[in-house]
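Every chain is numbered from 1 and lettered A, B, ... according to where its sequence line falls, protein lines coming before strand lines. Values below: all heavy atoms of this structure, side chains included; hydrogens, waters and symmetry mates excluded.
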There are 2 protein chains.
Amino acid sequence: MKLAEAKQQFISSWGAFGTHWGINRTMAQIHALMLISPDPLTQDDIMEELNISRGNVNMNTRELINWGLIERVILPGERKEYFSAEKDIWKVVKQIVKERKKRELEPMLKLLDQLENVEGDKKEKKVKSFIEIVSGIKKLGHQADKTLDTMVKAEENWFVGNLIKLFK
Amino acid sequence: MKLAEAKQQFISSWGAFGTHWGINRTMAQIHALMLISPDPLTQDDIMEELNISRGNVNMNTRELINWGLIERVILPGERKEYFSAEKDIWKVVKQIVKERKKRELEPMLKLLDQLENVEGDKKEKKVKSFIEIVSGIKKLGHQADKTLDTMVKAEENWFVGNLIKLFK
DNA sequence: TTGAATTTTCAATAGTTTTTGAAAATTTTA
DNA sequence: TAAAATTTTCAAAAACTATTGAAAATTCAA
């Protein structure tokens with residue numbers, strides 16, 4: 001396979017992958033393009049490579065910056081802004097975990113804490129069933145939260161080494 | 001908070017949560033409703049509780065069955081079909097992990113294996129950069145794949161006990 | 001069998017999300 | 001400061017996804 005084709009395949013499948021994870025296709029494609037680009041890119045580079053409008057590039061690069069996955073780079077002597085992606089994939093994964101934990105897991109756990117204190121007779125089947133499920137999710141969720149905290153702090157070596165040994 | 005309100009909140013936030021994970025809102029809501037229902041439900045029960053059409057219930061229950069999260073139940077002497085959800089939340093999580101691994105991670109890894117063998121001079125900056133990223137993702141992906149395999153086979157006690165100790 | 005009950009299908013519609021592109025705002029250079 | 005280059009915004013349009021509901025198919029009891 002030639003590089004041009006491989007590049008297209010990578011970008012397109014990274015985009016499809018992203019949609020399964022609640023990330024919009026274009027944002028994931030821009031990220032993919034930037035991951036494999038050795039040098040920083042401008043808005044125009046991205047527009048051209050992916051055939052999308054300037055507005056689209058602007059919105060999605062901003063969002064990627066919010067996620068902490070790319071950053072603006074000013075090249076000395078250049079008028080245009082450049083963008084550059086974090087290339088260490090373990091750092092990328094940790095950053096995504098960190099953000100999603102904050103945006104999704106933590107609010108959910110807050111809600112579950114409230115829902116567990118629902119009024120009503122715990123001998124009633126409906127009430128009992130509700131509390132059991134909520135408590136179960138809460139317990140596992142808090143556990144996952146702690147585990148992910150540790151992961152976010154960890155080095156890749158630690159993950160690939162120690163954890164995997166344990167899992168064997 | 002009263003049970004009725006707590007129920008609504010749980011269903012609605014589980015639905016919103018689902019959309020962040022590439023699952024459609026209604027499918028997640030049906031799943032939520034069934035998790036907290038002590039007894040199996042019919043299509044009509046679900047239609048009424050969530051105010052959605054029969055067709056919608058039918059499609060989404062089928063999809064939940066494909067995901068292995070609910071099952072059809074025949075109650076003796078009853079004409080209608082009932083549906084019942086797996087209530088053990090650890091089993092639910094493992095089932096979701098298993099499915100997503102099969103649907104998303106494994107195809108991605110297959111593609112990466114191909115992309116790593118891209119033609120071209122590895123001294124060229126573009127080619128080098130491409131191979132480095134692809135190899136990095138591949139390596140971490142295969143590691144994650146193995147780890148998830150072990151998790152899918154594990155008991156909850158194992159997870160909450162051993163893993164967490166290690167993570168402290 | 002028959003026909004009533006129930007489930008399934010799917011074309012049409014409604015709703016949501018993404019993308020465009022041109023105008024406005026901002027930044028930089030001279 | 002002026003004006004050229006660049007970035008940002010956002011209303012409108014396009015694209016995509018989910019939902020409805022009625023007709024078709026299936027199942028079941030008698």
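- Phosphate contact (OP1/OP2 of D/dT7, side-chain N/O of A/R62, threshold under 4.0 Å): absent.
- The separation between B/L75 atom CG and D/dC28 atom C1' is 16 Å, rounded to whole Å.
- Nucleotide C/dT6 holds its P atom 9 Å from the CZ atom of B/R54, rounded to whole Å.
- Going from atom CD1 of B/I46 over to atom C1' of D/dT19 covers 16 Å, rounded to whole Å.
- Residue B/R25 is classed as having no contact, given no heavy-atom separation below 4.0 Å to the nucleic acid.
- Between A/E81 and B/I52, it is A/E81 whose nearest contact on DNA chain D lies nearer the 5' terminus.
- For A/R100 and A/W67, the positive end is not near the middle of the six-membered ring at less than 6.0 Å and at most 45° from its axis.
- As rounded to whole Å, 12 Å separates atom C1' of D/dA5 from atom CD of A/Q43.
- Between A/K102 and A/E106, no side-chain nitrogen of the basic residue sits less than 4.0 Å from a carboxylate oxygen of the acidic one, so the salt-bridge criterion is not met.
- Proximity note for A/R72 (side chain, C-beta onward) versus D/dT20, D/dT8, C/dT7: the nearest is D/dT8.
- Between B/T42 and B/D45, the side chains place a donor N or O and an acceptor N or O closer than 3.5 Å (distance only, hydrogens not considered).
- Heavy-atom neighbours of A/K138 NZ from other residues, nucleotides or ligands within 6.0 Å: above the threshold of 12.
- Atom CG in B/D44 sits roughly 11 Å away from atom C1' in C/dA5 (whole-Å rounding).
- Here B/N58 does not reach the OP1 or OP2 of C/dT7: none of its side-chain N or O atoms lies under 4.0 Å away.
- The existence of a salt bridge linking A/K101 and A/D149 is confirmed by a sub-4.0 Å separation between a basic side-chain nitrogen and an acidic carboxylate oxygen.
- Within the nucleic acid shown, B/N24 comes within 4.0 Å of sugar-phosphate atoms alone, with no base atom in reach, counting heavy atoms only.
- Rounding to whole angstrom units, CG of residue A/N60 and P of D/dT9 are separated by 13 Å.
- Rounded to whole Å, atom C1' of D/dT8 lies 10 Å from atom CE of A/M59.
- Take the nearest nucleotide of DNA chain C for B/N56 and for A/M27: the residue whose nucleotide is more 5' is B/N56.
- We find that NZ of A/K80 is positioned 16 Å from C1' of C/dT29, with the value rounded to whole Å.
- For B/R79 and C/dT6, a side-chain-to-base donor-acceptor distance below 3.5 Å is absent, hydrogens and geometry of angles not being considered.
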